[in-house]
> 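Sharing a structure with you now.
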Amino acid sequence: MKTRRILITGANGQLGRVLAEELRQKYGRDAVLVTDIQKISDDQAPFEFLDILNTVRLKELVGDYHITEIYHLAAILSAGGEFNPLKTWNINLNGLISILELANEFSLDRVFFPSTIAVFGKTTPRMNTPQDVPLLPTTVYGISKTSGELLCNYYHKRYNVDVRSLRYPGIISYQSIPAGGTTDYAVEIFHAAVKGEKYVCFLKEDTRLPMMYIDDAIRGTIELMEADASKLGIRYGYNLAAMSFTPGELYEAIRTYYPNFEIVYEPDFRQQIAESWTESIDDSEARKDWSWQEKFDLNAMVEVMITELRKYYQNSAQ
Ligand code: AKB
């Protein structure tokens with residue numbers, strides 16, 4: 001049997017940091033090569049700098065490290081992408097094409113491509129959004145992810161590349177503060193509450209979006225990657241759901257821990273992006289094909305976020 005050797009691109013983003021740790025726990029530290037354009041600490045080894053547009057370097061790493069699987073997380077997100085649409089298209093789409101080409105050339109065992117609720121748009125049913133719906137995304141991030149889904153499907157059908165993909169909702173985690181996303185408010189708000197600060201929310205109080213706690217997102221990703229290939233009917237991004245809430249509902253849940261916590265709503269350009277997405281997701285295909293099941297609802301997520309961030313701020317004050 002071939003030794004499993006995993007490469008993660010964009011490994012220092014919100015998902016990558018937690019995913020890398022989990023994969024290292026599971027398969028051993030040396031089995032997981034983390035790559036990114038920046039290094040966040042000296043104990044990340046094995047680590048390699050990688051700009052995803054540097055295809056020569058990418059190919060060298062795949063060859064030199066005898067890579068068998070890639071989790072391709074490098075991307076620019078929905079809000080950040082609007083400041084530089086062409087760069088976002090280039091990184092998000094051309095980065096993926098390089099990965100899919102290498103997967104075919106090196107006969108990699110598996111590739112993971114993160115898709116998103118940003119593939120949805122104004123023509124998509126907003127409630128309990130089914131798997132196969134009209135996609136007319138409004139952001140360049142959404143357009144790049146929609147095209148990415150189609151490419152994944154194409155490489156699977158045409159070249160038999162074993163590529164697997166999830167449409168992530170907003171991810172909530174305590175390990176890092178995400179940047180450039182429209183769902184970022186749902187992480188920032190916890191930091192403000194635990195630090196005793198007022199939170200200025202960039203979305204309206206009643207903007208409902210699908211969300212997921214990081215542990216569910218990581219477990220779901222690994223479960224999909226370990227699923228029997230013959231069971232996977234969808235190669236362009238499984239709908240995936242756990243919970244949906246508004247900033248107002250999240251605020252009330254946090255107030256059970258911090259009754260004096262204050263919030264003001266000052267919606268900016270991200271409001272329009274959020275309104276172009278859907279409110280809740282039908283993920284029955286994921287449940288049927290590979291037994292997806294979330295563990296965290298709103299209250300469980302709020303409890304663990306507050307517990308972990310209290311520890312974090314207490315330790316950093318010492
Ligand atoms: C974003 O807000 O851009 C991301 C996403 C939903 O893909 N978190």
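For ligands, and for the atoms within them, numbers begin at 1 and follow the listed sequence. Each residue takes its place number in the sequence, starting with 1.
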> Give a yes or no on whether a salt bridge exists between Arg270 and Asp268, defined as a side-chain N under 4.0 angstrom from a carboxylate O.
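Between Asp268 and Arg270 there is a salt bridge, with a charged N closer than 4.0 Å to a carboxylate O.
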> Do any nitrogen or oxygen atoms of Tyr141 lie less than 3.5 angstrom from nitrogen or oxygen atoms of ligand 1?
yes
> Could you tell me which atoms of ligand 1, counted from 1 in the order shown, lie closer than 4.0 angstrom to a heavy atom of Trp277?
1 (C), 2 (O), 3 (O), 6 (C)
> Which residue supplies the protein heavy atom nearest to atom 5 (C) of ligand 1, what is that atom called, and how far is it?
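So the nearest neighbour among protein heavy atoms is Thr116 OG1, 3.5 Å.
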> Which atoms of ligand 1 sit under 4.0 Å from any heavy atom of Leu77?
3 (O)
> Considering only the protein, which heavy-atom contact is closest to atom 2 (O) of ligand 1, and what is its distance?
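The closest heavy atom on the protein side is Thr182 N, 2.7 Å.
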> Tell me which part of Asp184 gets within contact of ligand 1: side chain, backbone, both or neither, using heavy atoms under 4.0 Å.
neither
> Please list, in number order, the atoms of ligand 1 under 4.0 Å from a heavy atom of Ile117.
6 (C)
> A quick test of your reading: do over 12 heavy atoms of other residues, nucleotides or ligands sit less than 6.0 Å from NZ of Lys195?
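Atom NZ in Lys195 is crowded, with more than 12 foreign heavy atoms closer than 6.0 Å.
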> Among protein heavy atoms, which sits nearest to atom 8 (N) of ligand 1, and what does the distance come to when rounded to 0.1 Å?
Thr183 OG1, 2.9 Å
> Any idea how Tyr71 and Phe112 line up, ring-wise: parallel (<30°), tilted (30 to 60°), or perpendicular (>60°)?
tilted
> Check Glu69 with Arg4, please: is the shortest side-chain N to carboxylate O separation under 4.0 Å?
yes
> For residues Ser115 and Glu149, is any side-chain donor paired with an opposing acceptor at under 3.5 Å?
yes
> Check this for me: does any side-chain nitrogen of one of Glu294 and Arg287 sit under 4.0 Å from a carboxylate oxygen of the other?
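A salt bridge is present here (some side-chain N lies under 4.0 Å from a carboxylate O).
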> So which of Pro169, Ala79, Ser78 gets nearest to atom 3 (O) of ligand 1, if we judge by its closest heavy atom?
Ser78
